[in-house]
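Whatever order the structure lists ligands and atoms in, that order sets their numbers, starting from 1.
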Amino acid sequence: MNTAELAEVGEKLHEALGKEYYLTYAGLKQEPEFGQIYDRFHVLLEEDALQAARRSDSATLLEWVVGVRVGRKVASLEEEQLVKERATVLRFDDQEVPLLRAAIELANSPDRDYRIALDNTRSREAAKVLNPIRLKRFELEHEEVCTLGYADYVTAMGELAGIDLYGLNAAAQAFLENTQDMFRESLSQLVRARVGVTLDQLLRSDSAWTFRADQYDAAFESHRMIETAIGQMSEMGLDAQQGGRVRFDTEEREGKQPRAFCVPVRVPEEVYLVIRPFGGHNDYRTFWHELGHAMHFSAPSRELPFAARWLGDNSVTEGFAMLWDHLTMNPVWLERYTDLSREDISNLAFELAVQELHLVRRYAAKLSYELSLHSGDFTNAASEYAATLSEATLFEYSEDDYLIDVDPGFYCARYLRAWQMEAQLASTLTERYDHDWFRNPEAGAVVRSLTEQGQATPADLLIQEVTDSELSFQPIIRRLETLLC
Ligand SMILES: [Zn+2]
């Protein structure tokens, strides 16, 4: 097998997986059959494919072939998890809540006793049903990369991704340290107003409600969402639907995932953005995020190689998704695209900034925990998980979630790099095109030319090329300080 053949089969595999993902998660198909798809493309699992990737001198192709092998190993466990998640119903105090609805209920329930009862049942049941599957999954992942000759899982993931995971972790821990006081102060203000308890009484079941910002729902109506996005993008000289390549699936359908998602089926010609809008700021934020992915996947030319269109550093696509979703947190954007009063905008922007800081801190803690989880034999991981996450977020976490709350393959590192990329890019665009750069066709042209490269360039090099600076947490801190201090 040569590099061209590898890429040709690879593209067909991803088109098939993309289609299956779309159909299953959009509620158009009941039983997922990812395993069968991998079976059809078994040549990619053979030694020949691995050798071809090694010979190609492309770090991206090698990372991908290893990822496909791991993906095949865990495909049946992933299907089992999905089926069990759908079948699990939480029963407590005469109530019945499907497991997959728990997150929505937690975000929408002002009744603290109800949230605590629901979340206790959720974490206990999820641990019982899902932890054995997750444990098996991580064991298989470790085993697979070790048979390929890597010393251990952490080394393999860092080397294959070309990311210095320990260096990123050191910067993330410094971020936690540097933002500790700002977080304590701003969170206690928000918690006093919304939850009515002190910081030392906070539980994880309070977190979604703390950041729900429901008092502003009327300004974020679901029926205006797509129209607002199309309008704002056109002011930037961009087409949100990319000449029909981005397809919005907005129909109400049983079995459709409650959260919006984006999935490419052919790159760049066929990219789905699936939503089930309920209204509220979070819907807008999620929609703009997925639109960022959709506009990124539908931007590159067909002439670019498979690796640049489908593979590469996912920090980049997450970075473009965040560039768009962070617009909905920007006071200048809120003033232009909502009917909120100045006072409401400043209060909402404050709440969203506290949420942002909470999220980045949560991911900083996840990276440190996941490095430790994947370096050991899983025995003390549960208590370490609860301690690390609780300390960083100030919400008390349950040990039960120590395997469910883990993104396989250190995806948390891509998110952290995406946050860095977004903040640096937004700050450069603001410097060059002013505070309303998101309405400026010249800024739009810059973003378009970057997205047209797909993921040919990893986030650190992309930022260096465009802004002549390194990825760091500094631009995130600077922006948060203007909103929180
Ligand atoms: Zn994303």
Taking just the N, O or S atoms of His293, which one is nearest to the Zn ion (ligand 1)? NE2

Shortest non-hydrogen contact from Glu356 toward Ile476: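 Glu356 and Ile476 have their closest heavy atoms at OE2-CG2, 4.5 Å.
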
Look at Asp405 together with Lys366 and state whether they make a salt bridge at an N to O cut-off of under 4.0 Å. yes

At a threshold of 2.8 Å, where the distance has to be below it, does the Zn ion (ligand 1) have an N, O or S atom of Glu318 nearby? yes

Please state whether the separation between the Zn ion (ligand 1) and some N/O/S atom of Cys262 is under 2.8 Å? no

Which of these, Leu323, Leu429, Val332, sits in a side chain to side chain contact (heavy atoms under 4.5 Å, CB included) with Phe438?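 When side chain to side chain contact (heavy atoms under 4.5 Å, CB included) is applied between Phe438 and each of Leu323, Leu429, Val332, only Val332 qualifies.
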
Going by atom types alone, do Gln464 and Asp460 pair a side-chain donor with an acceptor below 3.5 Å?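 No.
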
